[in-house]
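Model, not experiment: these values are computed from the prediction. Reminder, nothing fancy here: chain letters follow the sequence lines and each chain counts from 1.
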2 protein chains.
Amino acid sequence: MARTAGSHSDITGPKVRDAALTLFARHGFAAVSMRQIAREVGVQVGALYNYTPDKQTLLFDLMQSHMDALLEAFSDDPAMPPRDRLHNFVRFHIRFHHDRPDAVFIAYMELRNLTPENFTNIEALRKRYEDKLEAILRAGVSSGVFDVADTKIATLAVIAMLTGVNTWFRSGGRLSLQDVEDQYWQMVRKAVSAESPA
Amino acid sequence: MARTAGSHSDITGPKVRDAALTLFARHGFAAVSMRQIAREVGVQVGALYNYTPDKQTLLFDLMQSHMDALLEAFSDDPAMPPRDRLHNFVRFHIRFHHDRPDAVFIAYMELRNLTPENFTNIEALRKRYEDKLEAILRAGVSSGVFDVADTKIATLAVIAMLTGVNTWFRSGGRLSLQDVEDQYWQMVRKAVSAESPA
DNA sequence: GTCTATAATTGGATAGAC
DNA sequence: GTCTATCCAATTATAGAC
């Protein structure tokens, strides 16, 4: 029952990741030292290296976990009408990103601090997520309910618009997350919908 | 006529700013050393301090110059129809940002590396730019040609969408900048326009 | 698993010669 | 205006005791 004194791998591991996530988001990867992370966790700097081979891998693992969770959490039903699938995507994207602002911030801002191999890996995951939205838009264009000149551009435009919510929205203000979801959905829906003939 | 040997303030000054802009955009402010900047310029590190009191001020000056240029370059005519004013804004924003990707990147990514006072200053400039778009949207809502639930949210949504172009578009590919402008204009126009009754 | 101590390097900024 | 030399603080990562 009694553990080795000072042994806490099951609890320290997550704390290292949490501390790194918070600090990297607040100050930036390059500006955060391993000593700062250790202080936040409550251990000495040497102990961190039981949980990550180096600082770069720590960053990469955080980004990969985030992208994996994103891909895992999104579900889409190709049998549904494109409009409903898009509505589902908009709500999901806003809510998922709102729930983890630090991870989102890091995943977008620290790409340049990844080694080339790690960068390629993360970009592939991002591409897989974009492809899910593009499939929805393409289905809608095929059936005539959507009208966009280029589904790839529309995909990037919609994702940029939705992710932008994280730069200004925090719960507890004048608007609820539901309000935000509703308003962005109206804008996205109109932006990609086919217009009724004049 | 002959200058003091080694005196090049008129040429070194801009070179310091150019080098800092490029390096900060590529690697991030915190990851770039004054020695790296000096090497890029072709001087020793001590010489840099003739052009900036410190590294923080160098960053701030780059961001402030960018925001000043942005505000200076945009022109709007409140007498024109809101739809034309919005079209003008979309084209201007895409083109201006496309022309200076490094400055745009820094202005969005390095806000957290500013001192609190400098941050407040830059944010005020950004707010002034956002207000220009919001005024256009408000005019269109008033006249009935636009329909958005909240002009502030629509402003942020449109700017996020348009600025997103910089993350993927580079001249010389499959699409011209004109193509991109046209497609984003269609999406923005539809997103904020009043829908014709069914 | 965590600690202390340390190696080896690099950082921003300054002083003083030219 | 630029250079060389330097100060002092901070960095990542490792070694070895417990």
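A search for ring pair (Phe, Tyr, Trp, His ring centres under 6.0 Å) contacts involving B/Phe60 returns nothing, not counting sequence neighbours.
Side-chain N/O atoms of B/Tyr51 include one lying less than 4.0 angstrom from OP1 or OP2 on D/dT2. Contact between the side-chain N/O atoms of B/Ser33 and the OP1/OP2 oxygens of C/dG11 is found at a separation under 4.0 Å. Between A/Gln44 and C/dT2, a side-chain N or O to OP1/OP2 separation shorter than 4.0 Å is absent. Side-chain nitrogen and oxygen atoms of A/Thr12 include at least one within less than 4.0 Å of the OP1 or OP2 phosphate oxygen of C/dT2.
Counting to the nearest Å, the P atom of C/dT10 and the CD1 atom of B/Ile37 are 17 Å from each other. When rounded to the nearest whole Å, the span between CG of B/Asn50 and C1' of D/dT4 equals 14 Å. B/Gln36 has its CD atom 17 Å from the C1' atom of C/dA13, to the nearest Å. Look at OH on B/Tyr49: it is 18 Å from P on D/dT6, rounded to the nearest Å. One interatomic measurement links the two molecules: CG of B/Leu48 to C1' of D/dT2, which rounds to 11 Å at whole-angstrom precision. Atom P of nucleotide C/dT2 and atom CD1 of A/Ile11 are separated by 11 Å, given to the nearest angstrom. Taking atom CZ of B/Arg39 as the reference point, atom P of C/dT10 lies 10 Å away to the nearest angstrom. In this structure, A/Lys15 places its NZ atom 14 Å from C1' of C/dG1, rounding to the nearest Å.
Which of C/dG12, C/dT2, D/dC3 sits closest to the side chain of A/Ala47 comes down to C/dT2. Looking at the side chain of A/Asp54, the nearest of the listed nucleotides C/dC3, C/dA13, D/dA13 is D/dA13.
A tilted orientation is assigned to the rings of A/Phe92 and A/Phe74, their planes being inclined by 30° to 60°.
Residue A/Val32 is in sugar-phosphate contact alone, with no base atom involved, counting any heavy-atom pair closer than 4.0 Å across all strands shown.
Ionic pairing of B/Arg112 and A/Glu110 is present here: one or more N-O contacts between side-chain nitrogen and carboxylate oxygen are shorter than 4.0 angstrom.
Between A/Phe96 and A/Phe89, the distance from one ring center to the other does not fall under 6.0 angstrom.
Within the structure, side chain to side chain donor-acceptor pair (under 3.5 Å) contacts touching residues 169-178 of chain A (residues at least two apart or in different chains) are A/His98-A/Ser171, A/Arg174-B/Asp150, A/Ser176-A/Asp179, A/Gln178-A/Asp182.
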